[in-house]
Amino acid sequence: VQLQASGGGSMQAGDSLKLSCSVSGIGAYTVGWFRQAPGKGRKRVAVIDETGALSDYQDFAEGRFTISRDNSKNTVYLQMNSLKPEDTAIYYCGLARSWRYSKVQEKYVDWGQGTQVTVSS
């Protein structure tokens, strides 16, 4: 399985941005978006199950970010609204074998290369 994250950029606070994660053979996988800020560890942002029926967000993403997927395009999206400077990070998408493991970073089996999001105040 290969993942390709894209859509990052340099934004202003309050802007919106939509990230894409293109995945080969996506149909059977739970997908998560994670982020890693400079000098910090990688943290989960949002996850979505293989059908799109289930999703979960970290507190900082709840209400501002939306994860979705289009299995016909083998793509998972992360719509980010009302961006803040603290959202600055490299954003990664990863695959977990099932929803059961969606909140356990160590259970993710494949990762994309990451896309940089920079938000200025």
Side-chain angles (χ1 to χ4, degrees):
V1 178
Q2 293 184 333
L3 301 92
Q4 180 79 30
S6 62
S10 296
M11 315 300 291
Q12 295 292 318
D15 284 350
S16 296
L17 188 65
K18 189 173 187 177
L19 305 182
S20 298
C21 176
S22 177
V23 185
S24 61
I26 193 176
Y29 290 96
T30 286
V31 175
W33 280 101
F34 291 72
R35 71 185 188 185
Q36 186 167 16
K40 297 186 178 181
R42 187 162 54 188
K43 295 184 178 181
R44 178 169 50 88
V45 177
V47 296
I48 190 167
D49 79 327
E50 52 266 33
T51 67
L54 300 175
S55 61
D56 187 78
Y57 299 86
Q58 288 284 45
D59 288 346
F60 63 79
E62 190 76 56
R64 295 191 301 129
F65 296 0
T66 302
I67 191 170
S68 62
R69 67 192 295 156
D70 184 342
N71 285 347
S72 69
K73 297 181 178 179
N74 290 347
T75 303
V76 172
Y77 305 98
L78 184 68
Q79 175 70 47
M80 302 187 294
N81 299 328
S82 302
L83 285 166
K84 303 176 180 179
E86 51 263 43
D87 294 320
T88 295
I90 300 174
Y91 284 72
Y92 299 89
C93 55
L95 301 184
R97 293 210 179 275
S98 73
W99 178 252
R100 175 182 179 183
Y101 301 118
S102 64
K103 298 180 184 180
V104 183
Q105 187 173 166
E106 293 75 16
K107 293 293 188 179
Y108 279 69
V109 297
D110 284 293
W111 295 92
Q113 85 290 356
T115 186
Q116 176 71 49
V117 174
T118 302
V119 184
S120 302
S121 59

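Here, residue 1 is the first one in the sequence, and each next residue gets the next number.
Under the 6.0 Å distance and 45° angle rule, Arg42 does not count as a cation-pi partner of Tyr108.
The local environment of CD in Gln116 is crowded, with over 12 non-hydrogen atoms from other residues, nucleotides or ligands closer than 6.0 Å.
Trp33 places a side-chain heavy atom less than 4.5 Å from the side chain of Val76. At a threshold of 4.5 Å between non-hydrogen side-chain atoms, the residues Thr66 and Tyr77 do not count as touching. Contact of the Met80 side chain with the Val117 side chain is registered, since non-hydrogen atoms from C-beta on lie closer than 4.5 Å. When side chains are defined from C-beta on, Asp110 does not count as touching Tyr29, because their heavy atoms never get closer than 4.5 Å.
The shortest heavy-atom contact between Thr115 and Gly8 is OG1-N, 3.0 Å. Annotation for Ala96 and Ser102: closest pair CB-CA, 4.5 Å, computed over non-hydrogen atoms. Smallest separation of non-hydrogen atoms from Pro38 and Thr88: CD-O, 4.2 Å.
Of the inter-residue distances, the one linking Met11 atom CE with Leu17 atom CG reads 4.5 Å to the nearest 0.5 angstrom. Distance CG/Asn74 to CD/Gln2: 12.5 Å, rounded to 0.5 Å. One distance of note links OG of Ser16 with CZ of Phe65; it measures 10.0 Å at 0.5 Å rounding. The CZ atom of Arg44 sits 5.5 Å away from atom CG of Asp56, with the distance rounded to the nearest 0.5 Å. Atoms OG1 and CG, on Thr30 and Leu95 in that order, are 9.0 Å from each other to the nearest 0.5 Å.
With Gln113 contributing its side chain and Ala5 its backbone, the two residues share a donor-acceptor pair below 3.5 Å. At least one donor-acceptor pair under 3.5 Å links the side chain of Arg64 to the backbone N or O of Ser82. Between the side chain of Asn71 and the main chain of Glu50, a donor-acceptor pair closer than 3.5 Å is present. Not one N or O on the side chain of Thr75 forms a donor-acceptor pair closer than 3.5 Å with the backbone of Asp70. At distances below 3.5 Å, at least one donor-acceptor pair connects side-chain atoms of Gln36 with backbone N or O atoms of Lys40.
For the 3.5 Å distance criterion, the side chains of Gln12 and Ser120 fail to qualify, holding no donor opposite an acceptor.
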Query - Test side-chain contact (heavy atoms from CB on, under 4.5 Å) applied to Val47 and Trp99, step by step - result: CA-CA 9 Å; Val47 296; Trp99 178 252; 3.6 Å; yes

Query raised in the report: Between Phe34 and Trp111, does a ring pair (Phe, Tyr, Trp, His ring centres under 6.0 Å) hold up when you go through it step by step?
Result: CA-CA 10 Å; Phe34 291 72; Trp111 295 92; 4.9 Å; yes

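Remark: of the listed residues Leu78, Leu54, Ile67, Ile67 is the sole one forming a side-chain contact (heavy atoms from CB on, under 4.5 Å) with Ile48.
Following chains of ILVMFWY side-chain contacts shorter than 4.5 Å, one cannot reach Val45 starting from Tyr92, and the two form parts of different hydrophobic clusters. Put simply, Val109 and Val23 are part of the same group of oily side chains (I, L, V, M, F, W, Y) that touch within less than 4.5 Å, one to the next.
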